[in-house]
Amino acid sequence: MKVLFLILLLVAFGCETKTKKSISKNSAIEKLVQNKIERENKKYFVGDYNNDKVYDTAFVNYKWNNDTNEIECEKNNCKINIEFQKNIPKISFDHSLGIVVAKTIDLNNDKANEIIVFSRTNQGWWNNISVWSFNNGNWNEIGQTSAFISEDKDFDNRISKEKGKYYLIGEDKWKEVENGDFKKIKVKL
């Protein structure tokens with residue numbers, strides 16, 4: 001009799017009743033998608049690259065999917081664009097996982113600074129590094145290399161000047177020097 005009473009109590013108090021919230025299927029899916037996708041909106045102050053005596057800004061906008069760690073493509077378009085004001089054409093990058101833009105000095109004596117772009121690849125910490133100059137209404141890539149970027153300091157000192165000539169400094173991912181660092185390479189600008 002005691003056992004039957006204990007079983008009855010267990011059944012009675014073991015069942016938990018919950019009130020269901022009425023959530024529409026679409027709003028639940030929208031919340032789930034919102035948590036997975038973040039919009040990246042960054043702006044970079046890049047100096048005066050078009051020589052109009054006004055400091056310019058570069059804008060990078062894209063959607064990032066946290067589940068896949070990739071750019072969210074729209075209509076099979078997986079490009080990241082760097083956009084500018086004043087009808088300056090954009091610069092597009094395919095297969096990039098993120099962009100950092102910085103100004104650099106005037107490398108070609110046109111009285112306007114150039115920009116340096118770090119485009120994260122899908123190869124770990126490697127970034128493609130390119131230097132761009134704005135001339136005659138168009139962007140021209142004047143140098144490109146790659147480098148291992150794992151800390152903020154790895155973005156620094158990518159342009160060097162030797163004997164009056166400028167070089168873009170990168171690393172060779174296939175060659176290491178004695179201390180285990182990647183071999184430095186120089187690309188003439």
Side-chain angles (χ1 to χ4, degrees), residues 40-64 70-71 73-74 76-177 181-189:
E40 292 284 333
N41 297 312
K42 296 182 180 178
K43 61 182 170 182
Y44 301 92
F45 300 105
V46 291
D48 182 15
Y49 56 77
N50 59 354
N51 205 14
D52 65 355
K53 308 292 186 243
V54 176
Y55 287 120
D56 300 303
T57 304
F59 301 93
V60 178
N61 300 305
Y62 55 88
K63 291 179 184 176
W64 183 259
E70 294 178 339
I71 300 297
C73 301
E74 295 180 11
N76 294 326
N77 182 7
C78 295
K79 294 182 179 184
I80 294 182
N81 296 320
I82 302 172
E83 298 179 358
F84 305 91
Q85 299 169 322
K86 305 176 200 163
N87 297 323
I88 306 284
K90 64 186 174 188
I91 302 172
S92 296
F93 292 87
D94 291 328
H95 311 294
S96 179
L97 299 177
I99 298 282
V100 173
V101 183
K103 75 175 186 171
T104 189
I105 60 175
D106 181 10
L107 301 170
N108 56 4
N109 296 319
D110 65 353
K111 308 273 190 274
N113 67 272
E114 275 63 59
I115 63 172
I116 187 167
V117 177
F118 299 86
S119 174
R120 204 171 108 219
T121 69
N122 61 359
Q123 300 171 3
W125 297 99
W126 286 92
N127 280 230
N128 291 327
I129 305 173
S130 53
V131 177
W132 295 79
S133 179
F134 187 73
N135 291 317
N136 299 323
N138 293 308
W139 286 105
N140 301 303
E141 184 179 52
I142 59 174
Q144 194 272 335
T145 188
S146 59
F148 189 81
I149 308 285
S150 64
E151 299 179 21
D152 286 345
K153 67 181 176 117
D154 295 331
F155 289 101
D156 298 334
N157 303 317
R158 291 293 169 183
I159 305 288
S160 72
K161 185 176 183 179
E162 296 176 19
K163 298 179 184 175
K165 296 184 181 172
Y166 290 101
Y167 295 90
L168 177 61
I169 308 299
E171 284 106 16
D172 185 341
K173 67 176 100 179
W174 305 112
K175 294 182 183 174
E176 291 183 11
V177 293
D181 288 341
F182 294 102
K183 181 181 178 187
K184 299 283 185 206
I185 55 175
K186 296 183 211 176
V187 176
K188 186 177 176 193
L189 299 173

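Residue indices begin at 1 and follow the sequence shown.
- For D152, the CG atom sits in a loose shell: 12 or fewer heavy atoms of surrounding residues, nucleotides or ligands are nearer than 6.0 Å.
- In this structure, CD1 in I115 is found 4.0 Å from CH2 in W139, a value given to the nearest 0.5 Å.
- Closest heavy-atom contact between A112 and D110: O-OD1, 2.9 Å.
- Here the closest non-hydrogen pair linking R158 and A147 is NH1-CB, 3.4 Å.
- Counting only heavy atoms from C-beta outward, the side chains of I169 and K186 approach each other to under 4.5 Å.
- A donor-acceptor pair is defined here as one N or O able to donate and one able to accept, closer than 3.5 Å; no such pair exists between the side chain of D56 and the backbone of Q85.
- A 4.5 Å side-chain heavy-atom check between N108 and N135 finds at least one atom pair inside the cut-off.
- Here the side chains of L168 and I159 are in contact, with some heavy-atom distance below 4.5 Å.
- The CG atom of N51 lies 9.5 Å from the CG atom of N113; values are rounded to the nearest 0.5 Å.
- Summarising the geometry, atom CD1 belonging to I149 is positioned 11.5 Å from atom OG belonging to S119; distances are rounded to the nearest 0.5 Å.
- When the shell of 6.0 Å around NZ of K173 is examined, it contains more than 12 heavy atoms from other residues, nucleotides or ligands.
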Show the numbers, then the answer: is there a side-chain contact (heavy atoms from CB on, under 4.5 Å) between I105 and Y166? CA-CA 10 Å; I105 60 175; Y166 290 101; 3.3 Å; yes
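- V60 has its side chain within reach of I80: a pair of non-hydrogen atoms, C-beta onward, lies under 4.5 Å apart.
- Closest approach of D172 and F182 over heavy atoms only: O-CD2, 3.5 Å.
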Just do the salt bridge (Lys or Arg N to Asp or Glu O under 4.0 Å) check on K184 and E171 with the steps written out, would you? CA-CA 4 Å; K184 299 283 185 206; E171 284 106 16; 2.8 Å; yes
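- Side-chain N or O atoms of N140 include none that pairs as donor or acceptor with a backbone N or O of I142 at under 3.5 Å.
- Within the 3.5 Å criterion, the main-chain N or O of W126 finds a donor-acceptor partner in the side chain of T121.
- Annotation: the span from T57 atom OG1 to I88 atom CD1 amounts to 11.5 Å, rounded to 0.5 Å.
- Inter-residue side-chain proximity for I82 and W132 is flagged as unmet; no heavy-atom pair is nearer than 4.5 Å.
- A pairwise comparison of heavy atoms in P89 and G137 identifies CG-O, 3.4 Å as the closest pair.
- Interatomic distance, F93 CZ to R120 CZ, rounded to the nearest 0.5 Å: 15.0 Å.
- Looking at D52, its side chain does come within 3.5 Å of a backbone N or O of V54 through a donor-acceptor pair.
- In this structure, N128 and Q144 have side chains that are in contact, with non-hydrogen atoms separated by less than 4.5 Å.
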When you look at F84 and Y49, which way does the ring-ring contact (aromatic ring centres under 6.0 Å, His included) test go after all the steps? CA-CA 11 Å; F84 305 91; Y49 56 77; 5.2 Å; yes
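- Note that the CZ atom of F134 and the CD1 atom of I91 stand 9.5 Å from one another [nearest 0.5 Å].
- When all heavy atoms are compared, the tightest approach of V177 to K183 is CG1-CA, 4.0 Å.
- Side-chain contact check for Y44 versus K103: every heavy-atom pair is 4.5 Å or farther apart.
- Taking both residues in full, the closest heavy atoms of K86 and N50 are given as CD-ND2, 4.4 Å, listed atom of the first, atom of the second, then distance.
- Of the N and O atoms on the side chains of T104 and E114, not one donor lies less than 3.5 Å from an acceptor on the other residue.
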